[in-house]
Amino acid sequence: MPLIPLEEARRRVLAACPPLHPRAVPLADALGCATSVPLTAMEPVPPFANTAVDGFAVRSADVASASPNRPVTLQVVGTIAAGSPPEPSVGPGQAVRILTGAPVPPGADAVVMVEDTDAWDGRSGREAVGPVAGAAVEVRRAVSAGDAIREAGGDLATGQEVFPAFTVLGAGHLGVLASLGMRNVPVFPRARVGVLSTGDELVEGGGPLRPGQIRDSNRWTLLSLVAGANAEPVDLGIVGDDEVAVAERLTAGLARCDAILTSGGVSVGDFDYVKVVLDRLSGGTMQWIQVAIKPAKPFAFGTIGHTPVFGLPGNPVSSMVSFEVLARPALRQMMGHRRLDRAEVGAIADEALRRRPDGKLHLVRVRVEWSDDDGRFHVRPSGGQASHLLRSMALANALALVPDGDGVDAGAEVRVRLLGWPDA
Ligand code: AMP
Ligand code: MG
């Protein structure tokens, strides 16, 4: 079977994974989702002019001549705390004690910081808290109109575009939408992704192993990778190498999922029950391919109805790597993301990454670290590279992309795909 370049395999997968139908989801469920339409502010933020500091709301003209040597005395006519209405108004020669976030009262056009004032009775302005109506305040600094006032609509004006379509919503975005009073937000929904382990040798959980049995690890890695991609994992369990059971479990999964990941049963020489069932359910459109990458060469892909099905290899590292390079970009596209792949950086190989030419792109499990000494990223293998050595995958925070050939010399640069920001 010919080796298919990763780019070509990725292109075929993406062509069959269009974005899901957008829908409005509650803000609480929208973290990490991409907006499906531009969002517009229906009200101003801040909703009213308010003070950025604790101090006194004044008429700037009244204090135009104020200085430390020649303070201006104003009559304090009230206090406005955050959450209170903007009363009383400020007339000529008057001031209102005002606390951060409180609305600026009519008549005032600036706020003097409390640090620039003194109270007439000997208390500093800072101490002059509580009801101070009837007191006087000495202003020691001139202010201009607008000083220390956060204007209504200063962050967002009514009718302004808040975020364009395809914005991935993070913490700050959700805060902005909450500040606008949005309760639901139109997004591409999270893909519900079923994960099915196949193989007669697999057992769940602890307890003694019979000869030939191993414990299922792929479901844990793949369910976690799905969750990490901001999609919704659906556990479809383990199914043995049995045609009827595989068909039943897949059919049940298809009824409730937007995409399905299976692991196992896609290599040449497997008991081909997964193959038989996927071929039948997909109407013969399943592609069984050999991707020119190591690990993770065998791979199957197709659609059943409109549901994409990814047949990932059984080897624990191979299933994770093929998720990373083929399934994850497709799930992100389904969820309306524009950036489909993980970030890549250049890094110095601190150890040679030796390879024999084999026509494949090698995805070498590495640890990438930033070095302040030379201002570069550096990488070293995180352990052995055989496709059953899951621990070195767990320890890796990046995959070095070593092109076909003899490998990368120590001290040479290599491209690495980050599996997360290297702060873990
Ligand atoms: P297969 O792709 O079914 O030929 O499996 C390739 C290798 O991966 C075999 O050694 C399997 O035992 C192993 N394997 C398959 N599925 C899993 C799984 N869910 N968890 C751990 N190892 C697995
Ligand atoms: Mg198997």
Side-chain angles (χ1 to χ4, degrees), residues 19 21-64 77-92 94-116 141-190 230 335-339:
H21 288 297
R23 65 162 185 260
V25 306
L27 225 48
D29 299 334
L31 182 64
C33 294
T35 56
S36 56
V37 291
L39 302 179
T40 304
M42 303 302 282
E43 60 185 47
V45 179
F48 52 85
N50 67 93
T51 172
V53 299
D54 291 339
F56 291 86
V58 300
R59 302 164 84 97
S60 57
D62 283 354
V63 298
V77 294
T79 298
I80 309 175
S84 302
E87 304 163 353
S89 56
V90 176
Q94 295 182 333
V96 164
R97 172 91 174 112
I98 192 166
L99 296 143
T100 303
V104 176
D109 66 356
V111 174
V112 182
M113 289 172 73
V114 76
E115 289 83 349
D116 293 328
R141 182 183 287 187
V143 289
S144 313
D147 278 5
I149 292 179
R150 306 157 167 169
E151 286 307 331
D155 193 3
L156 291 163
T158 304
Q160 185 184 332
E161 181 178 288
V162 186
F163 303 123
F166 307 105
T167 299
V168 178
L169 298 172
H173 301 88
L174 294 182
V176 168
L177 300 184
S179 74
L180 285 162
M182 280 194 197
R183 314 208 19 204
N184 297 295
V185 52
V187 296
F188 297 96
R190 277 176 228 286
N230 256 303
M335 296 188 291
H337 288 244
R338 286 283 167 91
R339 281 193 62 125

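Nothing fancy with the numbering, it's 1 onward along the sequence. These values consider heavy atoms only, across backbone and side chains, with no hydrogens, waters or symmetry-generated copies.
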Query - Pairwise distance CD(Q160) to CE(M42) - rounded to 0.5 angstrom - result: 13.5 Å

**Report entry** Check: I98 and P105 side chains under 4.5 Å, non-hydrogen atoms
**Finding:** yes

Query - Shortest non-hydrogen separation from S60 to S144 and the atoms involved - result: CB-C, 3.9 Å

Report task. Begin from the C-alpha positions of V162 and L180 and carry the test side chain to side chain contact (heavy atoms under 4.5 Å, CB included) through to its verdict. Result -> CA-CA 10 Å; V162 186; L180 285 162; 3.7 Å; yes

**Report entry** Shortest non-hydrogen contact between V63 and V143, atoms and distance
**Finding:** CG2-CG2, 3.6 Å

Query raised in the report: Hey, does Q94 have a side-chain heavy atom less than 4.5 Å from the side chain of V58?
Result: no

Report task. List the atom of R190, the atom of M335, and the distance in Å for their closest heavy-atom pair. Result -> CA-SD, 3.7 Å

Query raised in the report: Between SG of C33 and CZ of R23, what distance do you get to the nearest 0.5 Å?
Result: 9.0 Å

Query raised in the report: So which heavy atom on P46 is nearest to which on E151, and how close?
Result: CD-O, 3.4 Å

**Report entry** Considering all heavy atoms, the nearest F188-P22 contact
**Finding:** CE2-CG, 3.8 Å

Side chains of residues 82-92: which donor-acceptor partners sit under 3.5 Å, not counting sequence neighbours?
| residue | atom | partner | partner atom | Å |
| --- | --- | --- | --- | --- |
| S84 | OG | A81 | O | 3.3 |

Query raised in the report: Do T51 and I149 have side-chain heavy atoms sitting under 4.5 Å apart?
Result: no

Query - Residues in side-chain hydrogen bond (donor to acceptor under 3.5 Å, both in side chains) contact with R150, at least two apart in sequence or another chain - result: N50

Determine all donor-acceptor pairs shorter than 3.5 Å in which one atom belongs to a side chain in residues 165-176; sequence neighbours excluded.
| residue | atom | partner | partner atom | Å |
| --- | --- | --- | --- | --- |
| T167 | OG1 | P164 | O | 2.7 |
| H173 | ND1 | G170 | N | 2.9 |

Query raised in the report: For T100, does its backbone N or O pair with a side-chain atom of D54 as donor and acceptor, under 3.5 Å?
Result: yes

Report summary line: Nearest heavy-atom contact between F163 and L177 is CE1-CD2, 4.0 Å

**Report entry** Stepwise side chain to side chain contact (heavy atoms under 4.5 Å, CB included) test for V25 and V185
**Finding:** CA-CA 5 Å; V25 306; V185 52; 4.3 Å; yes

Query raised in the report: Is there side-chain contact between V114 and V53, with at least one heavy-atom pair below 4.5 Å?
Result: no

Query - Value rounded to 0.5 Å, distance of CZ in F56 from CD1 in I80 - result: 12.0 Å

Query raised in the report: Is the shortest heavy-atom distance from the side chain of D147 to the side chain of M113 under 4.5 Å?
Result: no

